[in-house]
Amino acid sequence: MRQWLLKITEYAERLLADLEGLDWPEHLKQMQREWIGRSEGADVRFPVGDDHEFTVFTTRPDTLFGATFCVLAPEHPLVAAITTDAQRADVEAYIEKTARRSERDRMADIKTKSGVFTGAYATNPVDGRQVPIWIADYVLITYGSGAIMAVPGQDQRDWDFAKAFDLPIIRTVQPPEDFDGEAFEGDGPAVNSGFLDGMEVTEAKAAMIAWLEEQGRGEGRVTYRLRDWLFSRQRYWGEPFPILHRENGDLVPVADAELPVRLPEVESYKPTGTGESPLAAVADWVETTDPSDGARALRETNTMPQWAGSCWYYLRFVDPHNTQAFCDPEKEKQWLPVDVYVGGVEHAVLHLLYARFWHKVLFDLGLVSTPEPFQRLVNQGMILCPSYREAENTPYLRIDDVEIRDGTPIVKATGKPAYSVVEKMSKSKKNVINPDEIIQEYGADTLRLYILFMGPPDADKLWDRSGIQGVYRFLNKAWRMLCGTDRHPASELTDAPAEGEARHALHTAIAGTTADMESLAYNTAISKLMVLLNAMGDLDPLPREMATAFLSMLAPFAPHAAEAMWETLGGEGFASLAPWPTHDESALQTATEDYAVQVNGKVRGKLTVAADAPDEAILTAAKALPNVSEHLTGHTLVKEMVVRGRLVVLAVK
RNA sequence: GCGGGAGUAGCCCAACUGGCAAGAGGCGCCUGCCUCAGAAGCAGGUUGUUGUGAGUUCGAAUCUCACCUCCCGUACCA
């Protein structure tokens, strides 16, 4: 079947290199790097007799003198041609056996090497030695050239194979004296390697590549694990490829004026079972003409996968009603790249790599102005929960079938301890917490506030409802203070501005909460609101500006409660639409400042001085502290410094 | 195996670029107030070898190295 591929490999290098400038979690960048899988090395051609030749890819051209055999993937096209009659039966049996073996099987026993000798020999291009050619399933047809040169001295897999089939081993890198392993994959001077002898690995690689190129027997090459992207599907739903097949076999794109190609109305859009797209059966849609000359033509019937939409939807969000272009270039310049993209780690290598690729293609076409779509990316963590089973690998139990006795989960039915693992919530694991129950008991605001308060957004967290009480009390306290209850009147409000400590508390909270919001540190932002509320509790009357600022900042975390309180207080409009409070820098300062006095890194005293006291005065006062002077006498002062607003550093000998 | 992240109080977690006797907040626990009593509330109190060992530094939770444990990813990729 002919399929459409997108040539993402063409962008492999840029997709890799441009990761460096992105503000993404390291583990995610790493996953993309591994997915792209760049390897630097060389292609080396091995002649087989006078008529044949195959190419191997190696990352270690420096070890070519140690290549004592070659291995082809069982599916390699050359296998049939070079296998000797004596070996043919064995080779064919092995190929058949491999074909039957599932991926899973192949991976299960990585330790055991299997393979068969083809009876043929290849010429090692570096010294003309004849080396046997084997086939084995540890060589994958899908990677590199599907053929390797085996260097058992420097590669553990080759070592294992050589040992299993009694093939020769030559060391070409000198291991250190205390090396007691098998294959030596580390760095060291080349040995048994002719013109490379004595060179370190890096130097030897370069020298060998230069020699191969000069001799015309190979060349330096970079290989990627990333493969081209199969982009066609045989189903009804999906964007049709806008392509016409002319009778002479030419493929022509549908003219811009004819776009988009719309799907025909059909009775059945079920798969045909023939492998062909359901669209192929819609004759009056498929059969058309090429408008350029009226010649008969057939429409392409494959459709695109959902990626065709998800790869660039964010660009459409910028200008969703534009009928002329996917978005106005001015708007694109204004909004892109996306400032913060929040999503699950499951998108790490598919969606996030594909969208980057499309964006780069658009960038190269001059249709977008940045080479990368998502500048900052955050992966939210998952809430984890214990799951229970009677034992490992037995079916999962419902949480109700287990009870906790003295901290140990016990299976109710058997009275025996349960096998418990903390893992991602999942229906199949029966460890899902239903938020409805929490909402019933505490309300949606409490749940939301608590989830945010549990820890940093990017950390996985163990579900533990014991802390809910804390945020529930916090909301109740705010309500009591601002709206009052039957038993407890609301605090009296004043329009007078906050003064002194209250002012300091307010502005410290605004500054801190705002900064935490920017960095997505919601857990600490909430704790700062708790501090502010506690400070408000000591005030009678309570300055209205404090209540207002508090509610504005509470609104993102507990929207319902915040709006209700806002309304009770007679606030205009919505708390969530009111301007975010801003802090006054001068209110953050205090008249006096506390200093810790360190002698040789240990705090020996505390000091409170006027905020504008000069360094000299602070040092003098610090040295005069009894416990400090005690640690100074009899020693030579070698260093003294003041860290403004924090501490005095004294070092003695 | 390789790669990434984490390890701070009984528990969840803070600690800005190394700098306040290790602490913001919450849970739990204890005491007191309030109450007929409980719940709720209020006030106060409570605990440490910052995973282990070394190094750098006047000074390390923070930087470096080694090791341990857990989580995530990946795996015959030549």
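Everything numeric here is computed off the predicted structure, so don't read it as measured data. First the proteins, then the strands, lettered A, B, ... as listed; each starts at 1.
Phosphate proximity of B:C27 to A:R473: present, with a side-chain N or O under 4.0 Å from OP1 or OP2. Between A:Y143 and B:A78, a side-chain N or O to OP1/OP2 separation shorter than 4.0 Å is present. Remark: A:N523 is in phosphate contact with B:A14, judged by side-chain N or O atoms under 4.0 Å from OP1 or OP2. The phosphate of B:C76 has neither OP1 nor OP2 within less than 4.0 Å of any side-chain N or O from A:R225. Look at A:K606 and you'll find a side-chain N or O under 4.0 angstrom from OP1 or OP2 of B:A21.
No hydrogens or angles considered: a donor-acceptor pair under 3.5 Å links the side chains of A:Q154 and A:T172. Using a 3.5 Å distance cut-off with no hydrogens or angles, the side chains of A:D516 and A:T524 do pair a donor with an acceptor. Side-chain N/O atoms of A:E441 and A:Y472 include no donor and acceptor closer than 3.5 Å. No side-chain N or O of A:Q156 forms a donor-acceptor pair with one of A:E185 less than 3.5 Å apart.
Note on A:V649: a base of the nucleic acid sits closer than 4.0 angstrom, heavy atoms only. Residue A:R33 is classed as having no contact, given no heavy-atom separation below 4.0 Å to the nucleic acid. Here A:K477 lies in heavy-atom contact (under 4.0 Å) with sugar-phosphate atoms only. Residue-level contact check: A:P456 touches the backbone only, with heavy atoms under 4.0 Å from sugar-phosphate atoms and none from bases. Here A:Q598 lies in heavy-atom contact (under 4.0 Å) with a base. When heavy atoms are screened at a 4.0 angstrom cut-off, A:K528 is found touching no nucleic acid atom at all.
As rounded to whole Å, 11 Å separates atom P of B:A6 from atom CD of A:E26. Atom CG of A:N379 is separated from atom P of B:G73 by 12 Å (rounded to the nearest Å). Taking atom CE of residue A:M530 and atom C1' of nucleotide B:G23, one finds them 16 Å apart after rounding to whole Å. Straight-line distance from the CG atom of A:D594 to the P atom of B:G19: 18 Å, rounded to whole Å. Rounded to a whole Å, the CG atom of A:L19 is 14 Å from the C1' atom of B:G4. Remark: P of B:C27 and OH of A:Y442 are 12 Å apart, rounded to the nearest angstrom. Across the protein-nucleic acid pair, A:E346 atom CD and B:C72 atom C1' stand 13 Å apart, rounded to whole Å. Remark: C1' of B:G41 and OH of A:Y472 are 13 Å apart, rounded to the nearest angstrom.
Between A:Y138 and A:F161, the ring planes are tilted. Angles from 30° to 60° get that label. Between A:H347 and A:H351, the ring planes are perpendicular. Angles over 60° get that label, and only those under 30° would be called parallel.
Comparing B:G4, B:A14, B:C20 by their closest approach to the side chain of A:Q30 singles out B:G4. Candidate nucleotides B:A14, B:A78, B:G26 were compared by shortest atom distance to the side chain of A:S39, and B:A78 ranks first. Set against B:C76, B:A24, B:C58, the side chain of A:T524 has B:A24 as its closest nucleotide. Among the nucleotides B:G73, B:A78, B:G25, the one closest to any side-chain atom of A:I148 is B:A78. Nearest to the side-chain atoms of A:E34 among the listed nucleotides B:C76, B:U74, B:G28 stands B:U74. The side chain of A:S527 sits closest to B:A24 out of B:C20, B:G26, B:A24. Which of B:G4, B:A78, B:C58 sits closest to the side chain of A:H27 comes down to B:G4. Which of B:C20, B:A24, B:A78 sits closest to the side chain of A:R646 comes down to B:C20.
Of the nucleotides present, none pairs with B:U17 by Watson-Crick or G-U wobble criteria with both distances under 3.5 Å. Remark: B:G10 base-pairs with B:C27; criterion is Watson-Crick or G-U wobble with both hydrogen-bond distances under 3.5 Å. Nucleotide B:A40: unpaired (no Watson-Crick or G-U wobble partner with both distances less than 3.5 Å). Pairing for B:A22 is absent, judged as Watson-Crick or G-U wobble with the two contacts each under 3.5 Å. Remark: B:G59 base-pairs with no nucleotide; criterion is Watson-Crick or G-U wobble with both hydrogen-bond distances under 3.5 Å. Checking B:G1 for Watson-Crick or G-U wobble geometry (two distances, each under 3.5 Å) identifies B:U74 as its partner. Across all strands shown, B:U52 forms a Watson-Crick or G-U wobble pair with B:A66, both key distances being under 3.5 Å. Remark: B:U47 base-pairs with no nucleotide in the shown strands. Criterion, Watson-Crick or G-U wobble with two distances under 3.5 Å.
Separation of the C1' atoms belonging to B:G73 and B:C12 is 26 Å when rounded to the nearest angstrom.
When each of A:N534 and A:R227 is assigned the nucleotide of RNA chain B bearing its nearest heavy atom, the one mapping closer to the 5' terminus is A:N534. Toward the 5′ end of RNA chain B lies the nearest nucleotide of A:V603, the other residue of the pair A:V603 and A:M149 mapping further downstream.
Of the charged side-chain nitrogens involved, none lies within less than 4.0 Å of a carboxylate oxygen, so that A:D18 and A:R356 do not count as a salt-bridged pair.
No donor-acceptor contact under 3.5 Å links the side chain of A:K461 to the base of B:C12.
For the side-chain hydrogen bond (donor to acceptor under 3.5 Å, both in side chains) with A:R221, the lone residue among A:T58, A:T55, A:D43 that qualifies is A:D43.
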